[in-house]
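Chain letters run A, B, ... following the sequence lines, proteins first, then strands; residues in each count from 1.
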Protein chains: 2
Amino acid sequence: METAKPTKRKRFPNASTAGVSLADVAAHAGVSTATVSRVLNGTATVAAEAMERVQRACRELNYVPNGAARALSSRRTRTIGAVVPSIENAGFAVAIGALQRWLDAEGYTLIVASSDYDPAAELREASLLMSRGIDGLLLVGGEHHPDLIPMLAQQDVPFIETWTLSDHHPCVGFDNVAAGRQLADYLLDLGHVDIGVIAGRMRHNDRASGRVAGVRQALEARGLRLPTEWMIERPYRILEGRLAMKALLAAPTRPTAVICGNDQLAFGAIIEARASGLSVPADISITGFNDLDFAAFLDPPLTTLSVPADRIGIISGEYLLGRVLDRPVLRVNEIETRLVVRASAAPPRKGNDNGNNKGKGSRRS
Amino acid sequence: METAKPTKRKRFPNASTAGVSLADVAAHAGVSTATVSRVLNGTATVAAEAMERVQRACRELNYVPNGAARALSSRRTRTIGAVVPSIENAGFAVAIGALQRWLDAEGYTLIVASSDYDPAAELREASLLMSRGIDGLLLVGGEHHPDLIPMLAQQDVPFIETWTLSDHHPCVGFDNVAAGRQLADYLLDLGHVDIGVIAGRMRHNDRASGRVAGVRQALEARGLRLPTEWMIERPYRILEGRLAMKALLAAPTRPTAVICGNDQLAFGAIIEARASGLSVPADISITGFNDLDFAAFLDPPLTTLSVPADRIGIISGEYLLGRVLDRPVLRVNEIETRLVVRASAAPPRKGNDNGNNKGKGSRRS
DNA sequence: AGGAGTTATGTAAGCGCTTACATTTTGCGC
DNA sequence: GCGCAAAATGTAAGCGCTTACATAACTCCT
């Protein structure tokens, strides 16, 4: 046991060697592997003639670099991760699309995972992304599993919270409470006092919750409140918007205006209102959120709050790569939302005959 | 020079050692790194007691594996790549979403890149994905840059062409020509003879071209043809659908039915038709393609061809991982499309007064 | 107790690339 | 030509993990 014999073993005796390695390029070009690496990465001055020989060798050999080797030795993957609540949500898709294009131009790759609005899933996905190796991580919102941020700190992975503003963490977004307030104030200024809300799922969704809180604030500032039966939560889908509006119209009294958590819910709400014989916005005003692609084309064209989701994507990329590459970055990046007034909201009908007169007294604070 | 002195150098003297390595876990658990690896990957029998010690060590040390090291040594990245024409295209988004969820359940990661319908960009993106390391690649359609397939073969990367059927390559999809023919036959059976087409961009888009070819075949089988001025190409966006319909309505004679390349174009076409004073489908029938989320909610609800995009994603995953893991796979995977008849198409009005009587003779072959 | 076979575990090579440090080459001034 | 400084290039360690092969431990049978 103490005199273990030195042995010579072959590693991977049957392994395929189809790939061209950096060493092959170096031999072909007549330089060291270090010089090949320098040429490929632009990390040092290389004589023009040697550079040309290396580049020709890469072309002639059809060299494809091994990213895992590069990541392992450089301790950088040149990959950014993003965990979003739902990939199919168009707002996130726009931001992700913009981020992916921006990163592409910077020579970086984006990996996207989804959490289905569940903080435990977000933690799990983030952990998986980190074990695959990411140089930075985009998160959505400000509410996470308690182990997530410490884990990112331990692994030294820069992150940014999007669609929200934060007192402590890097962020790009807007004040969701103010956004909700803005929509409610717009309807209140039109003369509405009976305002309902169709929100997305709010559990673990601080953005949706914040906007509803903003609506409540605006109402309370005018001595009004949001009754329980006018507060509906539904997943962000057209059909769910229909079902939510159906529930609102079935309430003992009806609102004259409805603030929807996004444009898909608003689309469904409009369809259901009209199917119920109501005219939009004459009988009931409806607003959306996000100004998705189809919003302008609805009948009537949707009044909605526009969020430049592509800016969120790009600023996230700038922040994360700024951190990776030690560039100066802003911790807080506020973007502008914009109320896009189209035709789905109007002053309430005077002399309503839809049961509102009966409920008006009970909604004053 | 001949007597080079042996030197001892420190690698990364200032490197941060924040990460816990497999060696740390091994030391903590009192086993070799090989045993830790065996436990984590389930690649060999390990005594229950040792396994428990390893798992506890991972938990106590918050061990996060280094994916690059794993990929380099195992020659597997456990990552699948996908190059799609446009990430924001909802049909592709559904397929990608389904693939991503399926791969996630298999412990694999998906990286998505976009080509903007450009074969040169597709080649570039595929090459980048390969240098990052992918175990398989999803492609869209059957038309590619000539260097792409040979490069995949050289790198030994399994691939699959989606949304198409192929005589030579792995594929999952449907016959695009037959799909176009089916839509045209449906309208012809309703009695239409004056049929226009609003297609997506067809250059390097064999799917769109195939469907238009199918429309032409159906017309020609009945002694009809598709006039040049009724063949419009537009990017897949709602606004473009409006512009295309505007062009069709400005033609000397108008079609009584329009086949749109996807539901977004159809949406825009419906809006423009109605803005022009036409009733859909009474004055002009319109069909879409893909049965996107909003199709059923349009006014009138859209008649469209439904493609199970999620099936495309999942079957792609099964095929690619089957290849990676040496499971039996089918080269050709045909999926069913389905004509979803809603309310946007109807028999043509009798005794049309929109100029069609004048053009009828010139469209007979 | 010894031998054979099976199971469990350890050793050490190496996956492909990067880069700190060492060495060589080049250019310039005297 | 020599000396010095700067530029260019080479050497070799090692990033963290996997796994082929070697060795040790265990079990069963005679």
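Here the nucleotide nearest the side chain of B:Ser74, chosen from D:dG16, D:dT11, D:dT18, is D:dT18. For A:Thr33, the side-chain atoms get nearest to D:dA12 when compared with the rest of C:dC17, C:dC15, D:dA12.
Between the side chain of A:Asn66 and the main chain of A:Ala68, a donor-acceptor pair closer than 3.5 Å is present. Of the possible donor and acceptor atoms, none in the side chain of B:Asp24 sits under 3.5 Å from a partner among the backbone N and O of B:Val20.
Pairs engaging residues 311-323 of chain B under the side chain to side chain donor-acceptor pair (under 3.5 Å) rule: B:Tyr319-B:Arg323 [sequence neighbours left out]. Annotation: salt bridge (charged side-chain N to carboxylate O under 4.0 Å, His left out) contacts involving residues 112-125 of chain B, sequence neighbours excluded, comprise A:Asp104-B:Arg124, B:Asp116-B:Arg201.
Distances shorter than 4.0 Å separate some side-chain N or O of A:Thr35 from OP1 or OP2 on D:dG10. Applying the 4.0 Å criterion to OP1 and OP2 of C:dG10, one finds that B:Ser32 has a side-chain N or O inside that range.
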As a quick check of understanding, evaluate side chain to side chain donor-acceptor pair (under 3.5 Å) for B:Arg132 and A:Thr109, giving each step before the final call. CA-CA 9 Å; B:Arg132 279 173 166 66; A:Thr109 298; 2.2 Å; yes

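Rounded to an integer number of Å, the gap from B:Arg76 CZ to C:dG16 C1' is 18 Å. Going from atom CZ of B:Arg75 over to atom P of D:dT18 covers 15 Å, rounded to whole Å. Taking atom CZ of residue A:Arg70 and atom C1' of nucleotide C:dT18, one finds them 10 Å apart after rounding to whole Å. One atom, CG of B:Asn66, and another, C1' of C:dC15, lie 13 Å apart when rounded to the nearest Å. Going from atom CD of A:Gln155 over to atom P of D:dG16 covers 11 Å, rounded to whole Å. Distance, A:Leu22 CG to D:dA12 P: 17 Å, rounded to whole Å. Look at CG on A:Leu61: it is 15 Å from C1' on C:dG16, rounded to the nearest Å. Protein atom CG of A:Asp24 is 13 Å distant from nucleotide atom C1' of C:dC17, rounded to whole Å.
Of the residues in residues 45-60 of chain A, A:Thr45, A:Val46, A:Ala47, A:Ala50 come within less than 4.0 Å of DNA chain D through at least one heavy atom, sorted by number. Residues from residues 36-43 of chain B placing a heavy atom under 4.0 Å of any atom in DNA chain C, listed by number, are B:Arg38.
Side-chain contact between A:Leu320 and A:Val324 is absent, with no heavy atoms from C-beta onward closer than 4.5 Å.
Residues passing the ring-ring contact (aromatic ring centres under 6.0 Å, His included) test with B:Tyr117: none are found, sequence neighbours excluded. Evaluation of the ring-ring contact (aromatic ring centres under 6.0 Å, His included) rule for A:His204 yields no partner, not counting sequence neighbours.
Note: A:Phe92 and A:Trp163 meet the aromatic proximity criterion, with ring centroids under 6.0 Å apart.
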